[in-house]
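Written out below as structure tokens is the structure these notes cover.
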Amino acid sequence: DHNISLESMGVTVNAVAGALKAFFADLPDPLIPYSLHQELLETSKILDKTERLHELKEIVKKFHPVNYDVFRYVITHLNRVSQQYKTNFMTADNLSICFWPTLMRPDFENREFLSTTKIHQSVIETFIQQCQFFF
């Protein structure tokens, strides 16, 4: 309901972001399926930017339709937030740092995974920055 004013209800931006992150954390599977994580990592190594973007777009097409729709909505929203970075200080880089663990739900217990956290973050940053290309 676009007529609801969370601000007039005293709900802070941090509370909304926290609720959104909690919602994704409670899903049985992450929004970005585990089965595609390795493919995302491999694609992020492609040096040619155009080729990398096209490959990432092909991976996103593999999402379950519901995941795709929600991912598109979230990334498009994060892109709009990043466009206001002069006011809110939330660049695509900052947003990707905050949201990649929520969208991908990594296994922080896995030592091998810890070496790829920056790559995961950069993939989400690319989705935010280039959302018009992807969607």
Side-chain angles (χ1 to χ4, degrees):
D1 183 351
H2 294 282
N3 297 317
I4 294 175
S5 171
L6 296 174
E7 187 176 27
S8 69
M9 296 168 51
V11 178
T12 67
V13 171
N14 292 342
V16 174
L20 181 65
K21 291 172 84 172
F23 169 78
F24 286 120
D26 288 343
L27 291 175
D29 296 308
L31 187 62
I32 299 176
Y34 288 128
S35 61
L36 297 177
H37 286 198
Q38 189 60 41
E39 199 171 342
L40 287 168
L41 288 175
E42 293 302 317
T43 300
S44 71
K45 296 175 186 175
I46 298 173
L47 297 178
D48 181 77
K49 181 180 178 180
T50 303
E51 183 182 349
R52 184 173 59 250
L53 289 174
H54 283 285
E55 289 297 320
L56 287 171
K57 191 171 191 171
E58 291 304 310
I59 294 170
V60 171
K61 290 178 183 178
K62 296 177 183 180
F63 284 25
H64 183 279
V66 172
N67 292 49
Y68 177 89
D69 288 342
V70 173
F71 185 68
R72 180 185 65 208
Y73 187 87
V74 169
I75 292 296
T76 301
H77 175 71
L78 293 176
N79 176 270
R80 284 192 306 269
V81 171
S82 74
Q83 291 173 18
Q84 303 299 318
Y85 73 92
K86 289 181 181 175
T87 303
N88 62 27
F89 306 106
M90 294 306 290
T91 62
D93 179 59
N94 290 341
L95 290 164
S96 64
I97 290 168
C98 295
F99 278 92
W100 81 264
T102 301
L103 300 175
M104 299 182 85
R105 201 169 329 132
D107 177 9
F108 286 113
E109 302 293 319
N110 181 341
R111 286 182 175 262
E112 289 177 26
F113 177 82
L114 293 175
S115 67
T116 62
T117 57
K118 180 62 180 163
I119 299 169
H120 286 84
Q121 182 257 319
S122 70
V123 168
I124 298 303
E125 181 179 6
T126 300
F127 285 130
I128 294 170
Q129 290 174 332
Q130 303 293 328
C131 79
Q132 288 81 8
F133 171 78
F134 294 111
F135 309 112

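Heavy-atom basis, side chains included; hydrogens, waters and symmetry copies ignored. Just so we're clear, the structure is a prediction, and the values are computed from it rather than from any experiment.
- In this structure Phe133 satisfies the ring pair (Phe, Tyr, Trp, His ring centres under 6.0 Å) test together with His54, sequence neighbours excluded.
- For Ala15, the side chain to side chain contact (heavy atoms under 4.5 Å, CB included) test picks out Val11, Thr12, with sequence neighbours left out.
- The distance from the CG atom of Leu40 to the NZ atom of Lys45 is 12.0 Å, given to the nearest 0.5 Å.
- Test Ile97, Ile32, Thr102 against Ile124 for side chain to side chain contact (heavy atoms under 4.5 Å, CB included) and you get one pass: Ile32.
- Applying the side chain to side chain contact (heavy atoms under 4.5 Å, CB included) rule to Thr126 yields the partners Leu53, Leu56, Gln130, Phe134; only residues at least two apart in sequence or on another chain are considered.
- Residue pairs meeting the salt bridge (charged side-chain N to carboxylate O under 4.0 Å, His left out) criterion with at least one member in residues 4-31, sequence neighbours excluded, do not occur.
- Applying the ring pair (Phe, Tyr, Trp, His ring centres under 6.0 Å) test to Phe24 and every residue at least two apart in sequence or in another chain returns nothing.
- Nearest heavy atom pair, residue Leu27 against residue Arg105, reads O-NH2, 2.8 Å.
- For Lys57, the side-chain hydrogen bond (donor to acceptor under 3.5 Å, both in side chains) test picks out no residue, with sequence neighbours left out.
- With values rounded to the nearest 0.5 angstrom, Cys98 atom SG is found 11.0 Å from Leu103 atom CG.
- Closest approach of His120 and Met104 over heavy atoms only: CD2-CE, 3.0 Å.
- Both Phe23 and Ile75 are assigned to one and the same hydrophobic cluster, defined by single-linkage of ILVMFWY side chains at heavy-atom distances under 4.5 Å.
- Gln38 is linked by a side chain to side chain contact (heavy atoms under 4.5 Å, CB included) to Leu41, Glu42, counting only residues two or more places apart in sequence or in another chain.
- Among residue pairs with one or both ends in residues 65-90, those qualifying as salt bridge (charged side-chain N to carboxylate O under 4.0 Å, His left out) are Asp69-Arg72; sequence neighbours excluded.
- When side chains are defined from C-beta on, Phe63 does not count as touching Val70, because their heavy atoms never get closer than 4.5 Å.
- With rounding to the nearest 0.5 Å, the separation of OG in Ser44 from CD in Gln121 is 11.5 Å.
- The ring pair (Phe, Tyr, Trp, His ring centres under 6.0 Å) test applied to Tyr73 returns no partner, not counting sequence neighbours.
- When every heavy atom of Pro30 is checked against every heavy atom of Asn67, the shortest pair comes out as O-ND2, 3.8 Å.
- Atom CZ in Phe99 sits 12.0 Å away from atom CG in Leu31 (nearest 0.5 Å).
- Every residue two or more places apart in sequence or in another chain was checked for a side-chain hydrogen bond (donor to acceptor under 3.5 Å, both in side chains) with Glu51, and none qualifies.
- In this structure, the separation between CE on Met9 and CD1 on Ile4 is 6.5 Å, given to the nearest 0.5 Å.
- For Arg52 against Ile46, the heavy-atom pair with the smallest separation is NH1-O, 2.6 Å.
- The salt bridge (Lys or Arg N to Asp or Glu O under 4.0 Å) test applied to Glu55 returns no partner, not counting sequence neighbours.
- In the hydrophobic clustering of this structure, Val13 does not group with Val74; members are Ile, Leu, Val, Met, Phe, Trp, Tyr whose side-chain heavy atoms approach within less than 4.5 Å, directly or through other members.
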Worksheet entry | Stepwise ring-ring contact (aromatic ring centres under 6.0 Å, His included) test for Tyr68 and Phe135 | CA-CA 10 Å; Tyr68 177 89; Phe135 309 112; 5.7 Å; yes
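- Considering every non-hydrogen atom in both Cys131 and Thr76, the closest pair reads SG-CA, 4.1 Å.
- To the nearest 0.5 Å, the span separating CD1 on Ile128 from CG on Leu78 amounts to 4.5 Å.
- Heavy atoms only, all atoms of each residue included: Thr91 and Ser82 are closest at C-CB, 4.1 Å.
- Partners of Thr87 according to the side chain to side chain contact (heavy atoms under 4.5 Å, CB included) rule, which considers only residues two or more places apart in sequence or in another chain, do not exist here.
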